Amino acid sequence: MKKREPNLENRREFIAGSLVVGAGLAASLAGCERKDQGPAPTGSGAEPSTKHAGMSPHIEPGQLDHYYGFWSGGHSGEIRILGVPSMRELKRIPVFNRDSATGWAQTDYSKKMLKGRTSGDTHHVHLSYTDGTYDGRYIFVNDKAQGRLARVDIESMETDAIVDIPHSQGTHGIFPQRHKTGLVLCNAEFRSPMPNDGRDLDDPKKYAALHTAIDGETMEVKWQVMVEGNMDLCATDYKGLYSFATSYNFEGATSAEGMMANERDALYVFNLENIAKAVAEGKTTTIGDSKVPVLDARGDDGPYVMRIPIPKNPHGVNVDPTGKYAIASGKLSATCSVIEIDKLKDAFEGKIKPRDCVVAEPEVGLGPLHTAFDGKGNAYTSIFLDSVVTKWNIEKAIQAHNAKGEKPDPIIQKIDVHYQIGHINASMSETKEADGKWLVALCKFSKDRFLNVGPLHPENDQLIDISGEKMVIVHDGPTYPEPHDAVVVKKDLIHPEKMQNRKLPRFKMYEEWAKEDGVDLFKDNKIVRNGKDVRVYMTSLAPNFGLKEVRVKKGDTVQFVVTNQDKVEDLCHGLCVSQHDVNFLVNPQDTQSETFVADKAGVYWYYCPWFCHALHLEMRGRLIVEA
Ligand code: K7E
Ligand code: CUA
Ligand code: CA
């Protein structure tokens, strides 16, 4: 073993120690040895690892990246777009959070979607698919905090739908179907009473969790399947037949110790065809006041759900680009379980046992979490406790599993990452077009890799060149906490529009108001009073607002509806009303609205917060509130 910084070693032991509570577990983990240390950590006198013969992540000023990276924002509640390989942050898309720059969670339509909530916890971003690759239409993202699923329209790069999933606490793993934009499957991580109305409080045996199917086109909740164990990560196959969910608390415990009691938990396999048939035949029930059909599949290895025993507190599950294998990571076992998807049919028909679908279980390191692919038969698993990425060969792992006597070694390389890696993903890894170019390793701790910025450190998203036989780290990418997952998408599959295209559902709302009030949004500047409700239609065209003065009475509810007439790319305006907590963005050719109460008499300047013109500072007017 190469010499390490003592700090780092302590930290690893600390983190490992805090996780490893069960004695049996410690014993099972001790058996795993690291094979190849990879490059030494930089910053400790070692050669910087960027000197290598492979691809450069450097993108010259003015040059464009080759990939879009879509990052979840974790408990920031947003989605971020990064350019890969430069790792430059290009945009943040507010989803569940309040965003002062754009007015998200303040504008009328976003408020309506959010129902007054302004926080969320996004973990998993996935794009809509057609024929096993991205179709460039939608981004889906979960909210673990409040059990929701949201969708972003890629043309506008704006959240266009948010769905509350009934009786789903801790909506965590999500995955869209890959044969077409069909269902988006969503896992509830937390078991809870059904319904959660005060019953069964102290009777965890009766708690359950739901696997929910949402139509990716209409964003309607289609059905739910109730199971007994919790569900963590989710994946789908490439044919539309199955979805998968790892369960780390198959024990049904309510404490961490209890959740680690058994050596094996399970991978749930949902048979989507059989479920759809049962739903169509009405073999369902409902829970509480939700109208969504629920199929109760607790405890039975029936035609709907199969449980494959796998070790131990499994976390990630990923399907390889050939669609042949689902790979579940052990987390508290040093192994990954490789499930051959073609065998599932026989297992569902009772011809083989569920466990017979496991065709390999290679030892990859301590605390395996997630797996990415290069399209050349290799898997890359993030190893949390060891802070490494393990590159291993899937076919060799299967040969080793079956071999009598001498076993081939599937492990190709382990490379240090900095530090405590969570998710991992490779360019196009979640599609049949995985291209084996770049791997992003999303590390939870950055420790000493960046300038000290206080107790809250950035995360460290490292970029790894996987185009050669050996992985090489080429870039450290600090991010604001806490992205969990990312997908890396070829740039020619993503075509956002540069001007607001007015197809989003919120435009229907403005058109209806305009019709009611006999107003042309793009031409008219008009104040419409209805009792104490005052609607202000106003245009913006650099460097002027259509109204220099808006006169209202104290106590009026004022709604500004602003339409940006500018047709110039990148020419945004906005509206900020001084002292009234009103601040929103209006893209070129866009309309936005926000409502507030004018509760103080006086003169309040409204102004454009986006630097749009030499006379940008002069782009303002007076809100005159009469006593
Ligand atoms: Cu591993 Cu929420 Cu995907 Cu985080 S989960 S790392
Ligand atoms: Cu418009 Cu600044
Ligand atoms: Ca467990």
Side-chain angles (χ1 to χ4, degrees), residues 21-22 24-25 71-75 121-126 141-145 170-175 187 189 229-235 246-253 255-267 309-318 329-333 367-371 381-384 420-425 441-444 459 461 481-487 538-546 562 564-566 568 570-576 585-588 606-621:
V21 182
L25 173 67
W71 258 240
S72 67
H75 39 268
D121 187 10
T122 64
H123 283 224
H124 301 111
V125 276
H126 292 291
V141 69
N142 77 304
D143 171 23
K144 177 167 165 172
T171 298
H172 189 212
I174 62 156
F175 218 105
N187 287 339
E189 184 179 340
N230 84 313
M231 287 171 288
D232 197 12
L233 271 292
C234 186
T246 49
S247 176
Y248 61 77
N249 183 21
F250 205 57
E251 295 91 342
S255 69
E257 290 82 356
M259 293 179 199
M260 296 194 299
N262 298 345
E263 281 312 307
R264 279 180 181 168
D265 288 281
L267 179 74
I310 53 169
K312 168 175 188 171
N313 288 38
H315 185 58
V317 54
N318 298 87
S329 301
K331 192 172 77 189
L332 299 190
S333 151
L369 292 186
H370 300 281
T371 299
T381 301
S382 59
I383 313 287
F384 180 80
Q420 259 65 47
I421 181 176
H423 269 275
I424 191 170
N425 230 326
L442 279 62
C443 300
K444 303 290 186 192
E459 317 279 286
D461 297 348
E482 178 186 296
H484 278 250
D485 199 3
V487 293
M538 187 164 77
T539 57
S540 67
L541 184 70
N544 289 298
F545 284 121
V562 181
N564 186 353
Q565 296 174 318
D566 273 300
V568 179
D570 210 4
L571 215 174
C572 300
H573 302 288
L575 184 80
C576 180
L585 157 76
V586 196
N587 288 316
Y606 53 86
Y607 68 93
C608 167
W610 294 77
F611 212 111
C612 54
H613 192 275
L615 292 173
H616 152 75
L617 293 166
E618 288 80 352
M619 187 169 174
R620 55 189 166 116

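Ligands are counted one by one from 1 in listed order, and the atoms in each one are counted from 1 as well. Please read all numbers here as calculations on a predicted model, not as lab measurements.
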Inset, instruction - Can you sort out which atoms of ligand 1 are near H315, meaning under 4.0 Å from one of its heavy atoms? - result: 1 (Cu), 5 (S)
Legend entry - ligand 1 contact by L369, heavy-atom criterion under 4.0 angstrom: no
Legend entry - Rounded to 10 degrees, the angle OE2 of E251 makes with OD1 of N313 at the Ca ion (ligand 3): 130°
Inset, instruction - For the pair N187 (side chain) and H172 (backbone), establish whether a donor and an acceptor sit closer than 3.5 Å, ignoring hydrogens and angles. - result: no
Inset, instruction - Return yes if some donor-acceptor pair links the side-chain N/O of S329 with the main-chain N/O of H315 below 3.5 Å, else return no. - result: no
Inset, instruction - For atom 4 (Cu) of ligand 1, grab the closest protein heavy atom and report residue, atom and distance to one decimal in Å. - result: H484 ND1, 2.0 Å
Inset, instruction - Could you tell me whether any N, O or S atom belonging to S247 is less than 3.0 Å from the Ca ion (ligand 3)? - result: no
Legend entry - Check: N318 side chain, T371 main-chain N or O, donor-acceptor pair, under 3.5 Å: yes
Legend entry - The single option from L267, N313, D265, I310 passing side-chain contact (heavy atoms from CB on, under 4.5 Å) against F250: D265
Legend entry - Atom indices of ligand 1 within 4.0 angstrom of H172 heavy atoms, with elements: 2 (Cu), 5 (S)
Legend entry - Criterion ring pair (Phe, Tyr, Trp, His ring centres under 6.0 Å) against H123, the qualifying member of H484, H370, H423: H484
Legend entry - Angular separation of NE2 (H423) and NE2 (H124) seen from atom 3 (Cu) of ligand 1, to 10°: 100°
Inset, instruction - Report yes or no: does S247 contribute a side-chain atom to a donor-acceptor pair with the main-chain N or O of N230 at less than 3.5 Å? - result: yes
Inset, instruction - Indicate whether the side chain of H124 and that of D485 have a donor and an acceptor atom separated by less than 3.5 Å. - result: no
Inset, instruction - Heavy-atom contacts with H123 under 4.0 Å: which atoms of ligand 1 show up? List them by number with element. - result: 2 (Cu), 4 (Cu), 5 (S)
Legend entry - Donor-acceptor under 3.5 Å (T246 side chain, G316 main chain): no
Inset, instruction - Compute the minimum heavy-atom distance from K444 to ligand 1 and say whether it is under 4.0 Å. - result: yes
Inset, instruction - Run the numbers for me: atoms of ligand 1, each under 4.0 Å from some heavy atom of L233, listed by number. - result: 3 (Cu)
Legend entry - the Ca ion (ligand 3) to nearest N/O/S of N249 below 3.0 Å: no
